[in-house]
Amino acid sequence: MSLSIATWNINSVRLRIGLILQFLAEHQPDVLCLQETKCPDALFPEKAFREAGYPHLALSGQKGYNGVAIVSRRPLFGVDRNHFCDRIDCRHIEAKVESGQQRVTLHNFYVPAGGDEPDPDKNVKFAHKLAFIEELTQAAERLAQPGSILVGDLNIAPLETDVWSHRQLLKVVSHTPVETEGLLRFQAAGPWVDVMRRFVPPEEKLFTWWSYRSPNWEASNRGRRLDHIWAAADMAARAQGIKVIKEARGWERPSDHVPVIATFAEA
DNA sequence: ATGACGGATCTAATCCGA
């Protein structure tokens, strides 16, 4: 038996409920963590998930922006929402799910994008992003307890091979040194294991996001790895593999992010 | 060669994403 966890920045859960149902039918993850749901909880398409076999929901949504959700085939326990940078902006939700004899804690994050200008003195959005990562680092020990998995759109591509051109993206928000070093400090503070890179060597390019603005996303392949699955050491030891569902970028009216699935052996 | 797009919102132009 195994536990499979998927993460997907869906860019509107209501607009793309059809694509989500297709993904769930094809890949049948036990749990799906969504970001950018852009949907108040009262309007979440609960019925569609229930009918697809995912009746257990943990929601933190708001109108128009941000929003995270955990949908599950298995019951969810201990749902909680953390807030960062003194804002209530629906960027974290956590829940526990039964896995063998234990309960696994899932943290689902949507880290601020950070705007265009990578200078915190000129751009308050970038300052917010850096402060958010810093607060996560302060909370790392609490978040990364044994039995924990962290997923989500972290909006940072930390390794050189996490972007199509390391050199050309060094001054582009998502791959600047202050961000990548900050994210790696947060990871080390857990410590968290980068589960995707356990299975895809760091020498190999690996992307989860391709801009809408490139008409020819597949041929030009100017992607970035912005979505991540991390695990505490005990869970990382149980990781069996990951899948990046790249074909989802080519579906009708797609999200600009694709789903990532990780599978863990049951304790 | 970082936008040529695409989403949500007080449907029209604006904010946002990264």
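Values in this document were obtained by computation on a predicted structure and should not be read as measured data. So you know, we letter chains A, B, ... as the sequences are listed, proteins then strands, and number each from 1.
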- Query: Could you state the CD-P distance from E36(A) to dG7(B), rounded to the nearest angstrom?
  - Reply: 12 Å
- Are the ring centres of F207(A) and W217(A) closer than 6.0 Å? no
- Message: With rounding to the closest Å, how many angstrom separate the P atoms on dG17(B) and dA13(B)?
- Response: 23 Å
- Message: If you only use heavy atoms from C-beta on, which nucleotide in dA8(B), dC5(B), dA18(B) is closest to the side chain of R213(A)?
- Response: dC5(B)
- Quote, to the nearest angstrom, the P distance that separates dT9(B) from dT2(B). 32 Å
- Of all the nucleotides listed (dA18(B), dT9(B), dG7(B)), which has the minimum atom distance to the side chain of S12(A)? dG7(B)
- Query: Would E36(A) and S255(A) count as having a side-chain donor-acceptor pair, cut-off 3.5 Å?
  - Reply: no
- With sequence neighbours excluded, tell me which residues meet ring-ring contact (aromatic ring centres under 6.0 Å, His included) with F132(A). F84(A)
- Task: Among dG3(B), dG17(B), dG7(B), find the nucleotide with the atom closest to the side chain of N11(A).
- Result: dG7(B)
- Message: Need one value for N66(A): base, sugar-phosphate or nothing, where a base atom within 4.0 Å counts as base even if backbone is also close, heavy atoms only.
- Response: nothing
- Query: Please give, in whole Å, the distance from dC16(B) P to R91(A) CZ?
  - Reply: 11 Å
- Message: Regarding W217(A), tell me which of base, sugar-phosphate or nothing describes its non-hydrogen contacts under 4.0 Å with the strands shown.
- Response: nothing
- Task: Measure from the side-chain heavy atoms of Y65(A) and tell me the nearest of dC15(B), dT9(B), dA18(B).
- Result: dC15(B)
- Under the salt bridge (charged side-chain N to carboxylate O under 4.0 Å, His left out) test, which residues partner D256(A), sequence neighbours left out? none
- Message: Side chain of P215(A), heavy atoms from C-beta onward: which of dA4(B), dT9(B), dA18(B) has the nearest atom to it?
- Response: dA4(B)
- Over how many whole Å does the gap from K38(A) atom NZ to dG6(B) atom P extend? 13 Å
- If you check the D116(A) side chain, which of dA18(B), dG17(B), dT9(B) turns out closest? dA18(B)
- Task: Answer with base, sugar-phosphate or nothing: what part of the nucleic acid does L169(A) contact at a heavy-atom distance below 4.0 Å?
- Result: base
- Message: Work out how far the C1' atom of dA12(B) is from that of dA8(B), and round it to whole angstrom.
- Response: 13 Å
- Query: If the P atom of dG6(B) is compared with that of dC10(B), how far apart are they to the nearest Å?
  - Reply: 23 Å
- Test side chain to side chain donor-acceptor pair (under 3.5 Å) on S4(A) and D30(A) and set out the steps. CA-CA 5 Å; S4(A) 54; D30(A) 293 303; 3.3 Å; yes
- Message: Under 4.0 Å, counting only non-hydrogen atoms across every strand here, what does F126(A) touch: a base, just sugar-phosphate, or nothing?
- Response: nothing
- Task: Scan side-chain atoms only and decide if N66(A) and K38(A) contain a donor-acceptor pair under the 3.5 Å cut-off.
- Result: no
- Provide the distance between the two P atoms, one in dT14(B) and one in dA18(B), to the nearest whole Å. 22 Å
- Message: Rounding to an integer number of angstrom, what distance separates dA1(B) and dG7(B) when you compare their P atoms?
- Response: 29 Å
- Near-strand residues of residues 250-262 of chain A, defined as heavy-atom separation under 4.0 angstrom from DNA chain B: R253(A), H257(A)
- Message: Just to be sure I understand the rule, does D153(A) reach a base, reach only the sugar-phosphate, or reach nothing, if contact means heavy atoms closer than 4.0 Å?
- Response: sugar-phosphate
- Message: Would you say K63(A) places a side-chain N or O within less than 4.0 Å of OP1 or OP2 belonging to dC10(B)?
- Response: yes
